[in-house]
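Everything on this sheet refers to the single structure shown next.
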Amino acid sequence: MKLDRRKTFFVYPKPPFHFDGTFYKPSHFPNKLKLDDWEIGKYWQGLRLGKKLYGLKMENAGLGLKPKLKVSVYSDKKIEAGEIEKLKKEISWRFELDIDLKEFNDLAKKDSQFYPVFKKWIGMRNASQYTLYELLIIAIVLQNATARRSQQMLDVLIGKLGTMVEFDKKELWAIWLPEDMERISEQELRDLKIGYRAKFIKRLSLDFTKDKINEMNLRNLEKESTNKELVKLYGVGPETARILLFEVYHHYDVFDHVAPWQQKIYSQLFYGKELVSANKIRDDIQKRYGKYSMLAVHYIWEDVFWRRKNEKIEWLEKEIRL
DNA sequence: CATCAGGGCCCTG
DNA sequence: CAGGGCCCTGAT
């Protein structure tokens, strides 16, 4: 799909703002069929908004304390003024451009252990580049699988059902819409070697097409109500809901459960030890960062994956098994 | 070669 | 509320 119509506008995030920390998350492992692309100061992705599929390019146009983003949107049809307004709103929500992190930053200053990390990434947002449905699909292939297999499953799904968009000399992929799942049987999905997840994805997609869940409505609900709605979805349990609450709905106080593989990484990160009990990790972090627990962990987590790009971190390599 | 757990969840008893 | 089963892979 060629997106050769373009509109450009500027947006002004609330300072402080960290462009690269916001748009590039090194802990998200890249697929062969890329959903996004990044280089210092620039970012591209396919963006679904309703039934529409756009190309999105973000460029850092800020100077010092004045954050500014140049936004280019691409489409196969003429882009109307009303669409621009909707896109502005959506981008602001997904990338938390208008959020005030002062309280969190003040808390970070008091943390002698990790202040250097927080300082390095000050202004980084908990960005959600995907729609609820898209992230749900990603979360499903993460379940009960190691990173490499998750990548394989996502690649084969995107190759079969996704859409490639061409814009700004990039070729990127976008995840399909829920109704596209009607075109493929559960058995055909299984033949892609995604296992029992085929059933999850079929039923989940049906819930979306039948409007049993509405992404936008959940943005206005409290955390617990949103959680209740999410776990109603077939294939969504507490851990997947937790990821969605943080990444899609920007709730920062979701550090209530620590999975074994996370426990190992947190033990090294926070204590420099091989294994600290999950309960102790949870209690310590909650005591330190309160309602910002998950956001604080996000900073520290992304930081170590960023470091991994340049240095060999033995204990981390062992845990992620790519 | 066989066995097994994995970046959970559903279902049963 | 505990425990078995699930698809497929790579590790052992």
Side-chain angles (χ1 to χ4, degrees), chain A residues 25-32 35 126 128 130 132-161 175 181 184-208 212-213 226-248 254-270 274-276 278-279 281-282 285 293-294 297-298 300-305 308 313-322:
Chain A
K25 304 293 183 185
S27 78
H28 298 182
F29 301 112
N31 277 62
K32 290 203 185 81
L35 294 166
N126 164 34
S128 62
Y130 303 113
L132 171 61
Y133 179 75
E134 289 171 316
L135 190 59
L136 209 35
I137 296 296
I138 293 169
I140 296 286
V141 301
L142 288 174
Q143 290 172 3
N144 206 21
T146 46
R148 182 193 301 254
R149 177 148 142 74
S150 296
Q151 280 186 347
Q152 286 170 354
M153 290 189 280
L154 193 55
D155 273 328
V156 72
L157 283 168
I158 292 173
K160 179 90 177 173
L161 292 146
I175 290 178
M181 268 296 151
I184 185 167
S185 69
E186 188 178 321
Q187 188 54 50
E188 284 175 289
L189 271 184
R190 271 179 179 267
D191 294 342
L192 302 177
K193 303 188 178 193
I194 64 167
Y196 59 87
R197 296 170 193 82
K199 187 175 170 190
F200 288 11
I201 292 179
K202 281 294 279 185
R203 286 183 58 169
L204 213 56
S205 301
L206 201 60
D207 285 344
F208 274 81
K212 282 197 180 165
I213 181 131
T226 307
N227 186 55
K228 248 174 94 180
E229 293 303 312
L230 291 174
V231 297
K232 278 185 197 165
L233 297 168
Y234 193 79
V236 176
E239 178 63 7
T240 301
R242 199 184 63 77
I243 294 171
L244 297 171
L245 282 174
F246 181 64
E247 295 209 12
V248 178
V254 289
F255 198 74
D256 41 10
H257 174 253
V258 179
W261 69 277
Q262 297 160 345
Q263 182 191 358
K264 291 178 202 160
I265 295 181
Y266 293 149
S267 297
Q268 289 285 357
L269 271 182
F270 301 136
E274 250 184 55
L275 207 61
V276 176
N279 285 343
I281 294 174
R282 186 197 57 207
I285 294 295
S293 293
M294 195 59 224
V297 170
H298 176 66
I300 298 164
W301 182 267
E302 292 302 329
D303 178 68
V304 72
F305 278 92
R308 174 174 174 266
I313 306 171
E314 288 296 341
W315 61 264
L316 186 58
E317 295 308 315
K318 213 178 81 199
E319 298 307 336
I320 55 186
R321 286 161 305 181
L322 261 175

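Quick note on labels: first sequence line is chain A, next is B, and so on, each numbered from 1. Keep in mind it's a predicted model, so treat the numbers as computed, not measured. Atom set for the values below is all heavy atoms of this structure, side chains included, hydrogens, waters and symmetry mates excluded.
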For A/Q187 and C/dC7, what is the distance between atoms CD and P respectively, to the nearest whole Å?
10 Å
Check whether any side-chain heavy atom of A/L230 sits under 4.5 Å from a side-chain heavy atom of A/T240, and report yes or no.
no
Qualifying salt bridge (Lys or Arg N to Asp or Glu O under 4.0 Å) pairs, either residue in residues 188-205 of chain A, two or more places apart:
A/E186-A/R190
Please work out whether the ring planes of A/F305 and A/W301 are parallel, tilted or perpendicular, with thresholds of 30° and 60°.
tilted
Heavy atoms, side chains only, cut-off 4.5 Å: are A/I138 and A/Y130 in contact?
yes
Note, A/L316 side chain near A/Q268 side chain (heavy atom, < 4.5 Å):
no
C/dG4 to B/dA5 separation - P atoms, rounded to the nearest Å
12 Å
Within a strict 4.5 Å, meaning less than it, do heavy atoms of the A/Y266 and A/I285 side chains meet?
no
In whole angstroms, the gap separating C1' of B/dC10 from NZ of A/K232 amounts to 18 Å
Would you kindly give the CD1-to-P distance between A/I140 and C/dC6, to the nearest whole Å?
19 Å
Just checking A/P238: base, sugar-phosphate only, or nothing, at a heavy-atom cut-off of under 4.0 Å?
sugar-phosphate
Distance in angstrom units between A/L230 CG and B/dG8 C1', rounded:
15 Å
Under 4.0 Å: is that the gap between some side-chain N or O of A/Y234 and OP1 or OP2 of B/dC11?
yes
Can you tell me which nucleotide in B/dG7, C/dC6, B/dC9 comes closest to the side chain of A/W261?
B/dG7
Taking all atoms of both residues into account, what is the closest heavy-atom pair of A/Y234 and A/D207, and its distance?
N-OD2, 4.1 Å
By the Watson-Crick or G-U definition, both distances under 3.5 Å, C/dG5 is matched with B/dC9
Just call it for A/T240: base, sugar-phosphate, or nothing, with non-hydrogen atoms closer than 4.0 Å on any strand.
sugar-phosphate
What interatomic distance, in whole Å, is found between P of B/dC4 and the corresponding atom of C/dG5?
13 Å
Polar atom pairs (N or O), protein with nucleotides 8-12 of chain C, under 3.5 Å:
residue : atom : partner : partner atom : Å
C/dC8   : O4'  : A/R149  : NH2          : 3.1
C/dC8   : O2   : A/R149  : NE           : 3.0
C/dG10  : OP1  : A/Q152  : NE2          : 3.3

Whole angstroms only, please: what is the CG-P distance between A/N144 and B/dG8?
6 Å
Would you indicate what A/L233 reaches in the nucleic acid, counting non-hydrogen atoms under 4.0 angstrom: base, sugar-phosphate, or nothing?
sugar-phosphate
Gap between atoms CG and C1', on A/L244 and B/dG7 respectively (whole Å):
14 Å
Using the C1' atoms only, state how far B/dC10 lies from C/dT9, rounded to an integer number of Å.
22 Å
